[in-house]
Undergrad: 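Before we start, here is the structure in question, set down as structure tokens.
Computed from a prediction, not measured in an experiment: that's the story for all the values here.
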Amino acid sequence: MDIAGLLTSAGINIAICVVLLSLYSILRKQPSNASVYFTRKLVPEPVKWSDPFCLERFVPSASWIMRAWQATDEEILAAGGVDAVVFMRIVVFSIRVFIIAAMICILLVLPVNYYGQDMQHKQIHAESLEVFTIGNVKEGSKWFWTHCLALYVISCSACVLLYFEYESITKMRLAHITGSPPSPSHFTVLVRGIPWSQDHSYSESVEKFFSTYYPASYVSHQMVYRAGTVDKLMKDAEKMYRVLKTVEPQCREISMPCCLCGGTTHSFKVLNNEAESVKSKISDDGLQPAQREKERPAAFVFFRTRYAAVVAAQVLQSSNPMLWVTQLAPEPRDVYWSNLSIPYKQIWLRKIATLLGAIVFMFVFLVPVTFVQGLTQLDQLSHTFPFLKGILRQQLSVFSSVRDIPTQLAKAVPTQATFFTTYVLSSGWASLSFEVIQLFALLRNVFRKFILRIKEESSNCALSFPYHTEIPRLLLFGLLGFTCSVMAPLILPFLLVYFFLAFLVYRNQILHVYVSKYESGGQFWPIVHNTTIFSLVLTQIIALGVFGIKRSPVASGFTIPLIFFTLLFNEYCRQRFSPVFKRSPAQVLIEMDRQDEQCGRVEEIYDQLRSAYCQFPLIARDLSTSQDLSTAGNTWQNKDQGSSQDPESLKPGNQLVKLNE
């Protein structure tokens, strides 16, 4: 591809982006699209909706760009939480480091690449893109010091920026932990691998073990039960209850026959009364034999303080590491109960099977990727397309010898610079344009309001930010930017446009569209840091291979220390900052526990523990109105009668076993 072709491709993608962004600026002004583009309803729309034929609604404007640009980190924090702020720090870091890379590579490296050979140059628009890569520099050239210098500047700048970002995000995470309200997961430990005993049930074994070894901090526990048909029916009933609850105010005075049983709408109240009567009968029965059959070797154990829970989660509980395995409990809404029934000894086998499946999928996926990559080289296509033997023989040659990997990468990366540049144009710019326009949500809204004629807004239209797809996308473009910065600097301007557009689009989406459903406190930043370090080291290894091919011993000699310096920097950051993202500091936890005692929140926290981690929420919701956790930790009292009962007799599992029978 020549410069004219690259500019044509860039012009087409720019036109697509302008059209889609202009269309978005019009669609967001329409009142019927408020549920698509203003899900959060955080910022009021400045357009007056009183006139449905207002001309301003159909004129593209850049007001949303100015709003996204002027938004502060405090507004992002209030709208999307710490995760949203940390995500935007990834974009800001990329902009900063690639501005530095673009300045030095465009001004210093690009002229050296262009004039690297003694050749007759064409007009600039007719020049091939390979002329602007490091492959155009002749072997043994004395100008490779410019590439080595640019590599040093980019690597050092990236390390310095990473350090300050890591330090800032660590402080932000500590502030988030300190200021977060009490959560049941802070006081709960998940215990797996409970040993089987013929004399005791799993529940009795848990109570005996933790009462013996944690007498001062152990409060109570909640067993995991094998779910049956009744559990599924209860979950379906809860979903139906949520649906009926939304329509109950509209049809409270209407008595219509039921299509299934011939009853009226008030028959649901009769069902509730029957459930209450069954529950009252069950609470008086002893169901220990049946309960033992339903118990699984896993439990949630509750502690008095956060510090005690963290200590119990991190300490090896038994001389056999496969028994009494503890870890901090996940959030109650993150618990997948069927997975907790899996024996702990099978988990590592399942992990190995998953890893092997991923490896097999990766090698199967190499075949279409290799085919598409071969299509980008027309000279190889004429020889390899009939049976694809040449292409496959060449992927295999890369992994034939470990010591040849840098050489193979050094040969492949400069020749594939055209493909990577067009990928940034097509996949990068276009993906952001479709992200801001929310095509799927827009079509769904049109179908609901103009075809189904449903004018009420959907209760589940709010979406959470897709961190699982957008973070890898940013890291991928960062990898392309680092590896091609010295080899093919022409990619950097297009990459900067992508990151600037991402800065505006993502801030707009966080402020107006996405709703935070989960908060990790920026726990994914170490992954971002490690991936960036991997990109830097890979860039340095490729540069080392290129310098070796081009017979530049001076540049090769100066590149080797840079690799070790980058690895040492990564190790320092791992020791300095990474532990905060894996474990909470004891100092912070103890101070938070003392604040709870001073504010009198201890009893309220104890009351929430059992109902939070209940496998059967319908029964737990009813039980929560008639029982609570005592301050002693092992005794639950009935609020109506004031009588002391056995904690096991009040477990939701007892009621479930009776219902199953």
Undergrad: Taking the six-membered ring for Trp, are Tyr467 and Phe87 parallel (under 30°), tilted (30 to 60°) or perpendicular (over 60°)?
TA: perpendicular
Undergrad: Between Asp596 and Arg601 (side chain of the first, backbone of the second, donor and acceptor by atom type, cut-off under 3.5 Å), is there such a pair?
TA: no
Undergrad: How close do Pro332 and Ala612 get, heavy atom to heavy atom, and via which atoms?
TA: CB-O, 3.5 Å
Undergrad: So do His529 and Glu165 actually touch side chain to side chain, heavy atoms under 4.5 Å?
TA: no
Undergrad: Taking the side chain as every heavy atom from C-beta outward, state whether Val310 and Arg583 have any atom pair closer than 4.5 Å.
TA: no
Undergrad: Is the number of heavy atoms from other residues, nucleotides or ligands under 6.0 Å of Gln575 CD greater than 12?
TA: yes
Undergrad: Just verifying a value: how many Å separate Phe300 CZ and Met223 CE, rounded to the nearest 0.5 Å?
TA: 11.0 Å
Undergrad: Going by heavy atoms in the side chains, are Phe38 and Asn33 under 4.5 Å from each other?
TA: no
Undergrad: Answer yes or no for Arg304 and Tyr214: cation-pi contact, defined as NZ/CZ to six-membered ring centre under 6.0 Å and angle to ring axis within 45°.
TA: no
Undergrad: Is there a side-chain contact (heavy atoms from CB on, under 4.5 Å) between Leu340 and Leu190? Walk through the geometry before answering.
TA: CA-CA 9 Å; Leu340 296 180; Leu190 175 60; 3.8 Å; yes
Undergrad: Would you name the heavy atoms of Val580 and Arg173 that are closest together and state the gap between them?
TA: O-NE, 3.3 Å
Undergrad: Does any N or O in the side chain of Glu519 come within less than 3.5 Å of the main-chain N or O of Val82, such that one atom is a donor and the other an acceptor?
TA: yes
Undergrad: Are the side chain of Arg89 and the backbone N or O of Ser168 linked by a donor-acceptor pair below 3.5 Å?
TA: no
Undergrad: Would you indicate whether Tyr307, at its atom OH, is surrounded by more than 12 heavy atoms from other residues, nucleotides or ligands within a distance under 6.0 Å?
TA: no
Undergrad: With rounding to the nearest 0.5 angstrom, report the NZ to CZ distance, Lys449 to Arg444.
TA: 11.0 Å
Undergrad: Please tell me if the side chains of Ile342 and Arg350 come closer than 4.5 Å, counting only heavy atoms from C-beta onward.
TA: yes
Undergrad: Applying side-chain hydrogen bond (donor to acceptor under 3.5 Å, both in side chains) to Ser203 and Ser201, what does each step give before you reach the verdict?
TA: CA-CA 5 Å; Ser203 180; Ser201 65; 5.0 Å; no
Undergrad: So does Phe534 have more than 12 non-hydrogen atoms from other groups sitting under 6.0 Å from CZ?
TA: no
Undergrad: Quick one: pull up CH2 in Trp525 and CD1 in Ile169 and give me the separation to the nearest 0.5 Å.
TA: 4.0 Å
Undergrad: After noting the C-alpha distance and the side-chain angles of Tyr225 and Arg296, does the key distance pass the side-chain contact (heavy atoms from CB on, under 4.5 Å) rule?
TA: CA-CA 5 Å; Tyr225 296 91; Arg296 307 305 299 166; 5.6 Å; no
Undergrad: Within the side chain of Tyr37, is there an N or O that forms a donor-acceptor pair under 3.5 Å with the backbone of Ile437?
TA: yes
Undergrad: So, for Gln317 and Ala312, which heavy atoms are closest and what is the spacing to 0.1 Å?
TA: NE2-O, 2.6 Å
Undergrad: Hey, does Phe524 have a side-chain heavy atom less than 4.5 Å from the side chain of Asp83?
TA: yes
Undergrad: Tell me, yes or no, whether the heavy-atom count around Tyr213 atom OH, taken from other residues, nucleotides or ligands under 6.0 Å, exceeds 12.
TA: no
Undergrad: Could you give the distance from CG (Asn339) to OG (Ser341), rounded to the nearest 0.5 Å?
TA: 8.5 Å
Undergrad: Carefully, step by step, assess Phe303 and Val311 under the rule side-chain contact (heavy atoms from CB on, under 4.5 Å).
TA: CA-CA 10 Å; Phe303 291 86; Val311 171; over 6 Å; no
Undergrad: Does the side chain of Val191 reach to within under 4.5 Å of the side chain of Trp324, using non-hydrogen atoms?
TA: yes
Undergrad: Shortest non-hydrogen contact from Ala309 to His186?
TA: CB-O, 3.6 Å
Undergrad: Could you pull out the closest heavy-atom pair between Met592 and Ile177, with the gap in Å?
TA: CE-O, 3.2 Å
Undergrad: Between CG of Asn530 and CG of Leu475, what distance do you get to the nearest 0.5 Å?
TA: 10.5 Å
Undergrad: Does a side-chain heavy-atom distance below 4.5 Å link Val528 with Ile471?
TA: yes
Undergrad: When you look at Gln595 and Glu591, which way does the side-chain hydrogen bond (donor to acceptor under 3.5 Å, both in side chains) test go after all the steps?
TA: CA-CA 6 Å; Gln595 291 179 1; Glu591 291 179 356; 5.7 Å; no
Undergrad: Would you please classify the geometry between the Phe577 ring and the Tyr166 ring as parallel, tilted or perpendicular, with 30° and 60° separating the classes?
TA: parallel
Undergrad: Taking the side chain as every heavy atom from C-beta outward, state whether Phe187 and Ile605 have any atom pair closer than 4.5 Å.
TA: yes
Undergrad: Atom CD in Glu204, atom OG in Ser211: separation rounded to 0.5 Å?
TA: 11.5 Å
Undergrad: Does the side-chain contact (heavy atoms from CB on, under 4.5 Å) test come out yes or no for Leu463 and Thr39, once each step is laid out?
TA: CA-CA 8 Å; Leu463 301 175; Thr39 307; over 6 Å; no
Undergrad: On a heavy-atom basis, which atom in Arg507 and which in Asp73 lie closest, and how many Å separate them?
TA: NH1-OD1, 4.2 Å
Undergrad: A quick test of your reading: do over 12 heavy atoms of other residues, nucleotides or ligands sit less than 6.0 Å from CZ of Arg594?
TA: no
